[in-house]
Engineer: 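Take this structure first; my questions come after.
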Protein chains: 2
Amino acid sequence: MNLRAPVTLLDVAQRAGVSVATASRVLNGGDRVPRPELQERVKAAAEELGYTPNAQAQALAKSSTNVVGILVHDIEDPYFAAIANGVMRAADERNLLVMLASTFRDAEREIAYLASLRAQRARAAVMIGSRRTDAESLARTASEVGSFLNSGAGLALVSQSGMPAHTIEPDNRAGAAALARELVGLGWRRFAVLGGPDTLATARDRRDGFLAGLADSGLEPVAIESGDFTRDGGHAAIERLLDRGVGADCVFAVNDVMAVGAMSALRQRGVDVPGQLGVAGFDDIATLRDVWPGLTTVRLPLEQMGRRALELAIHGGEPTTETFRAEVVLRESTARA
Amino acid sequence: MNLRAPVTLLDVAQRAGVSVATASRVLNGGDRVPRPELQERVKAAAEELGYTPNAQAQALAKSSTNVVGILVHDIEDPYFAAIANGVMRAADERNLLVMLASTFRDAEREIAYLASLRAQRARAAVMIGSRRTDAESLARTASEVGSFLNSGAGLALVSQSGMPAHTIEPDNRAGAAALARELVGLGWRRFAVLGGPDTLATARDRRDGFLAGLADSGLEPVAIESGDFTRDGGHAAIERLLDRGVGADCVFAVNDVMAVGAMSALRQRGVDVPGQLGVAGFDDIATLRDVWPGLTTVRLPLEQMGRRALELAIHGGEPTTETFRAEVVLRESTARA
DNA sequence: CTGTTAGCGCTTTCAC
DNA sequence: GTGAAAGCGCTAACAG
């Protein structure tokens, strides 16, 4: 076994003394099954020569691939990783290869990747993550999404409505509203909200849902502060809030990483959680379940959402929207004395 | 724009009134550059028809792709996500598409994925994560690695030596030894080690390095308990240790997630950290930097390691081994009163 | 059941 | 500079 030697089907066929058609049939399960004896010969030849089918050639010949794409903003963000994981598991079960692209939150990259997937003739793709509401990039994305769909590939979006494709929606509003009610039930009254960028639908929905939940009890938040949808965003937002000196007794961050960033800032400032200030997040990120005090949050079936997204994407058909329920998880960060 | 309509280069060429050769040359920068006027015509035609090159066909024709693969055990594990992120960034810069596979810690899957990447004629691949030392699966992996390399593709391994490919090694032993020394310097004396499976080289090296570091001060651990290389593994291991009642005053878990799992168990048992027991980990996982008390650990330049791995993989050449230094990060979890 | 043969869409000599 | 044509490796009719 030395130096590159591209063994082709023809090589195998010749060595086995059969036609390429026969070789193809036995090696890649086809319609008609050759006689046992030939099967043996072909398999043996393939084995001896160390034959590996050229997926590119196969794809070209039957104009269809077993590749699916996943687009996430940032694979290091545990939220995306969890959903992507679900997609990958489902893909693995179906023997599909996954092309994963981290767009680093750049709309242009996202569009370019989608185009690449189209060029690769991917069977389907799953786009994860809330889109910005910025009209222009939204239009450009929509256009590329149209082309993608038009190429015959399947597509499912997670946390992003408004596109003519299958959509998986976490019930952000209802979940946040339920959380608000539970917190009020616990006795908290003066709430502050750490929102995300206003262009992110997910962040907006969670904030609005929370406000709606408070309204159910005739309450209004004492403050709303927006920041990036990240750990640092939460850290900075709570500091601004503290500096402004609003008298909140409980703060809701629109996602867990922001909440954790906020908790860190509070610790630095010497504010006790939940003694002086209760803190709640959203997502129930697995990696953060061990933080202390345990973070009250709203659990989303992230992996399942990913699985389902892949199923819908490869299934195709008319655009569907499926909503996944969120579930409030009360922990120590909002425990009342 | 209706129903699937595969626009080919031929369509574009005809519409522009040129040959496919010319169309190819202008659309995919080639050797000879056609006259400006033709370029315009071809580009216009391509635009109007909404032409997208078929990557499969291109790959077949020039027998080379711009696809690279990444193999990780579990993309939800922040350690792997961080390295994979580095690989993806480097890939993105080079305009390479990434095929990411999560092997779910299954050796067979890993081998199968490598074979798939070979079938896809991937340009290169990066395998991340310590290999088990189980002789049989090691041999089978080695065999597939051989085939992969033999196909002309590049390969780099992260945290796994012993294969005839480029290798990126975090300096686990030295890092753990340095940590041990620092802890001793802080005044800790009775150490317990929460090791990983003995078949994982990474886990072994960290444990051994730590022991060596202790030995430098003439110390020996009071106990060594092994568990899975996961959050739950750390949680269970510390509980067994506690039940056995070894009188340790500081415990070193061979990775951060184990350490966090252990801290959680300690909290449940009412053991104060670092008051009653100091805790240290390894990796300095970003997502865990906000846990409280802040976890003393050993930082590895995860993203950089990933970047470098990709560079080596696509560069090819003689197998190299590059070692990345680890750096001790002291935090509150091992602070002495 | 098995072999022939025409493509799949694009790149790349090799002539013009 | 530009085009004709021969593949790249495999699949899928279509004949035997």
Engineer: Start with the C-alpha gap between Arg118(A) and Ser151(A), add the side-chain angles, then the distance that decides, and say whether side-chain hydrogen bond (donor to acceptor under 3.5 Å, both in side chains) holds.
Structural biologist: CA-CA 7 Å; Arg118(A) 188 151 53 96; Ser151(A) 77; 5.6 Å; no
Engineer: What range of DNA chain D does chain B touch, first nucleotide to last, counting atoms under 4.0 Å from its heavy atoms?
Structural biologist: dG1(D) to dG9(D)
Engineer: When only distance counts, do a donor and an acceptor, one from the side chain of Arg121(A) and one from the base of dG9(C), lie under 3.5 Å apart?
Structural biologist: no
Engineer: So, do Glu93(A) and Arg307(A) sit near enough that their side-chain heavy atoms are less than 4.5 Å apart?
Structural biologist: yes
Engineer: Knowing that exactly one of Asp11(A), Leu27(A), Val42(A) qualifies, which makes a side chain to side chain contact (heavy atoms under 4.5 Å, CB included) with Tyr51(A)?
Structural biologist: Leu27(A)
Engineer: Can you measure Glu37(A) atom CD to dC1(C) atom P for me and round it to whole angstrom units?
Structural biologist: 14 Å
Engineer: Starting at the 5' end of DNA chain D, which residue's closest nucleotide do you reach first, Val18(B) or Ala61(A)?
Structural biologist: Val18(B)
Engineer: Compute the bend angle of the helix from dC1(C)-dG16(D) to dC16(C)-dG1(D) from the end axes (five pairs per end), rounded to 10°.
Structural biologist: 40°
Engineer: Using ring centroids (six-membered ring only for Trp), state whether Phe80(B) and His73(B) fall under 6.0 Å.
Structural biologist: yes
Engineer: Main chain of Ala59(B), side chain of Thr65(B): is a donor-acceptor contact present, judged purely on distance under 3.5 Å?
Structural biologist: no
Engineer: If you round to the nearest 0.5 Å, how far is CG of Leu310(B) from NE2 of His315(B)?
Structural biologist: 12.5 Å
Engineer: Whole angstroms only, please: what is the CG-P distance between Asp11(B) and dG9(C)?
Structural biologist: 9 Å
Engineer: Using the salt bridge (Lys or Arg N to Asp or Glu O under 4.0 Å) definition, which of the options Glu169(B), Glu322(B), Glu303(B) pairs with Arg308(B)?
Structural biologist: Glu322(B)
Engineer: Can you tell me the distance, in whole Å, between the CG atom of Leu38(A) and the P atom of dC1(C)?
Structural biologist: 11 Å
Engineer: Would you mind telling me which residue lines up with the more 5' stretch of DNA chain D, Gln56(A) or Lys62(A), judged by nearest nucleotide?
Structural biologist: Gln56(A)
Engineer: Does atom CZ of Arg140(B) have more than 12 heavy-atom neighbours from other groups under 6.0 Å away?
Structural biologist: no
Engineer: Ignoring backbone atoms, establish whether Asn28(B) has a side-chain N or O less than 4.0 Å from OP1 or OP2 of dC10(C).
Structural biologist: no
Engineer: State which of dT11(C), dG9(C), dT2(C) makes the closest approach to the side chain of Asn54(B).
Structural biologist: dG9(C)
Engineer: Can you see if the side chain of Arg25(A) gets near the phosphate of dT2(C) - specifically, an N or O under 4.0 Å from OP1 or OP2?
Structural biologist: no
Engineer: Which whole-number value in Å describes the distance from Gln58(A) CD to dG9(C) C1'?
Structural biologist: 17 Å
Engineer: When you get a sec, tell me which of dG9(C), dG3(C), dC10(C) is the closest nucleotide to the side chain of Thr22(A)?
Structural biologist: dG3(C)
Engineer: Thr8(B) near the nucleic acid: base, sugar-phosphate alone, or nothing, with a heavy-atom cut-off under 4.0 Å?
Structural biologist: sugar-phosphate
Engineer: So, does Arg41(B) use its side chain to make a donor-acceptor pair with the main chain of Ala16(B) at under 3.5 Å?
Structural biologist: yes
